[in-house]
Amino acid sequence: MSQKTRTVSARSFFAPRGALSQWHPNYEFRPGQLEMAEAVESAIAEGKHLLVEAGTGTGKSLAYLVPAILAAKRIVVSTGTKNLQEQLFYKDIPFLQQHFANQLRVCYMKGRSNYACRQKIYDAEREPILSGLEEVADFQIIREWEKTTETGDRAEIATLPENSSAWAKVDARGELCTGQKCAQYDRCFITEMQRRAIASDIIIVNHHLFFADLAVKEKDFGGIIPDYEAVVFDEAHELEDVAGQYFGLSVSNFMVDDLRKDILSLARRKSLGTPELDRVLIGLQDASDRFFACFPAQDGRTGFQRRAAFIEQFRDVYEDILNALEITGIQLQMICESMDEVVPLFARARTLQADLKQYLEGVAEDFVYWIERRNRGVFLQAVPIDISPLLTERLFDRVPSAILTSATLSVGGGFDFLIKRLGISYARTLNVASPFDFREQSLLYVPQHLPEPRDPAFPKAAAEEIIKILNLSCGRAFVLCTSYVSMRALHDRVSYEVVYPVLLQGTAPRSALLEQFKNTPNAVLFATSSFWQGVDVQGDQLSCVIIDKLPFAVPSDPVVAARTDAVRRQGGEPFRDYQIPQAAIALKQGFGRLIRSRTDRGVLVLLDNRITRQRYGQIFFDSLPDYAFTTELAKVEEFFHKNV
Ligand code: SF4
């Protein structure tokens, strides 16, 4: 830690004429930023948990990074999106290192599949696992880069396609890693990343890596994030969903298939193939096909609570796949038990067998079970209905200080919903208002003449309204929908009726679509939930955000149904205690795309007028920033005329 950091406190850093004012080219005093920084500073020093809702423009990343640096403890910062991770690591941290913390050591950790496995690269060079010219060409690029890279992070190879199949064959994901037995262990990029993390003051991760690590640590496998004294979760509104995935169970036909292919590939490379192994693997494939065909055929998520009845009906098929996995394990032991590469394959066969048994026979009233079909994949999944006891026990009772922040944590100004969902009791709370003048900068329009969203006449009326609004905004809009069905229906009705370039989610990768939107004058983008957060378009290019419906979670979804049932069982009222707060946070996220700076101006449109007609609508209004409000289209025209 540099000498300078010892002489600075959060107050002397952020205050008028403080340290930041001397270094930052666009410094402006933000009282909310100072308030947040002081709250973070004392929470870390006193070992307390803290929840901070920090409105857009607060400057919250510096408000937690600076106290984290001043604390001189190892602190993990976990974000929801890659964009934010990169902003912290490539922009905010270097700025702070340059001006006051030049000794600060920071490490950016990603999931294993982002790094190259040296051993796999060397194996691939010797043995024929590549197919097709494109794969060979990609591999040559990777091979050359591996000789010089210090991190092994694929982000360094700008020319490598996002879905490169060559990369998938040489990445460092854990399934085939032999760990300390690997000849490359000391030079391994994962080992190197862990060394850097141990030597770091601040470790930047994402929520997926954080919870994957937390779940693995619980099973005594170690984990890769070293011990820390505080954790900061930015974009903390995502924690419940992400954490749930890692404390749940997932088994799929793809996992069985990948195991079979990895065994075949190893057998080919090491000349271990035998007719018996071939026979066993054909048997595994056959048993897997028959087993996964027993599950409901419809696409999407289907609840699956009748596990005992399933076993009763398909006992033979179920026993066949368990046996096939057992025999695969035995066969692996027989061909070469002592070979290091066989060990992880054997462990995978055993884990798959155990997970399948756990899925169908395990006692777990606290879990919700469902089947998901996507393309050719059949996924058997389960997550805890209530994640809060797990998080209390494994995270909040163990880490001295957890800071949770986001622009959208509170409902109607309070944090009760989040505290309950995450099990973070005894937390301090702080609500920091945005420094933006929302009444001046934005107008919320809710048309009153549209039918309710459930009315069959809604899609046509909504599309007509969108066309009128786009003609006033000259495009430059996001149309954010609560479902794919609604997105397609509105897109199909609107796209031929406007003169502006229209983009549709799903026609290109998300980042490419966003770039295209930013670079195409007067563009309109139709999208669903993945564009409701983590999207930042400053300036006139985004001047209008239209949302079709109040974003209530779909009640028939198995996870939502299980969670609402649980609220009811505990004496609560699911609509009031779960669905409304969850939708209020989602709406605030969606509308939050519009005003990203002090100079942004624009119109928000909610086509669902239940917000003004139902009593519960007030909770949504109480949760949103103080936008100017109208129910008249003429006022929208006036606003665009005057402002944008
Ligand atoms: S230790 Fe694992 S990830 Fe690292 S080079 Fe070896 S096999 Fe690959």
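Atoms within each ligand, like the ligands themselves, are counted from 1 in listed order. This chain uses plain numbering: 1 for the first residue, then up along the sequence.
- Between R118 and ligand 1 there is a heavy-atom distance shorter than 4.0 Å.
- Between the CG atom in D227 and the CZ atom in R398 there is a gap of 11.0 Å [rounded to 0.5 Å].
- Among the atoms of C117, an N, O or S atom is found under 2.8 Å from atom 8 (Fe) of ligand 1.
- With hydrogens left out, the protein atom closest to atom 4 (Fe) of ligand 1 is C188 SG, 2.3 Å, a heavy atom.
- Contact atoms of ligand 1 toward Q119: 5 (S) (distance under 4.0 Å to a heavy atom of the residue).
- Test D536, T81, D92, T79 against Q87 for side-chain hydrogen bond (donor to acceptor under 3.5 Å, both in side chains) and you get one pass: D92.
- Residue-ligand proximity: R187 is placed with every non-hydrogen atom at 4.0 Å or more from ligand 1.
- In this structure, atom 6 (Fe) of ligand 1 lies nearest to the protein heavy atom C182 SG, 2.3 Å.
- Checked against F304 for a ring pair (Phe, Tyr, Trp, His ring centres under 6.0 Å), the options W370, F295, F379, Y369 give a single hit: F295.
- Annotation: cation-pi pair K110/Y108 present, NZ/CZ under 6.0 Å from the ring centroid and within 45° of its normal.
- Side chains of D355 and L352 form no contact here, defined as non-hydrogen atoms less than 4.5 Å apart.
- Listed for the R307 side chain is a donor-acceptor partner under 3.5 Å among the backbone atoms of G362.
- Nearest to atom 2 (Fe) of ligand 1 among the protein's heavy atoms is C177 SG, 2.4 Å.
- Of all the heavy atoms of R112, the ones lying under 4.0 Å from any atom of ligand 1 belong exclusively to the side chain.
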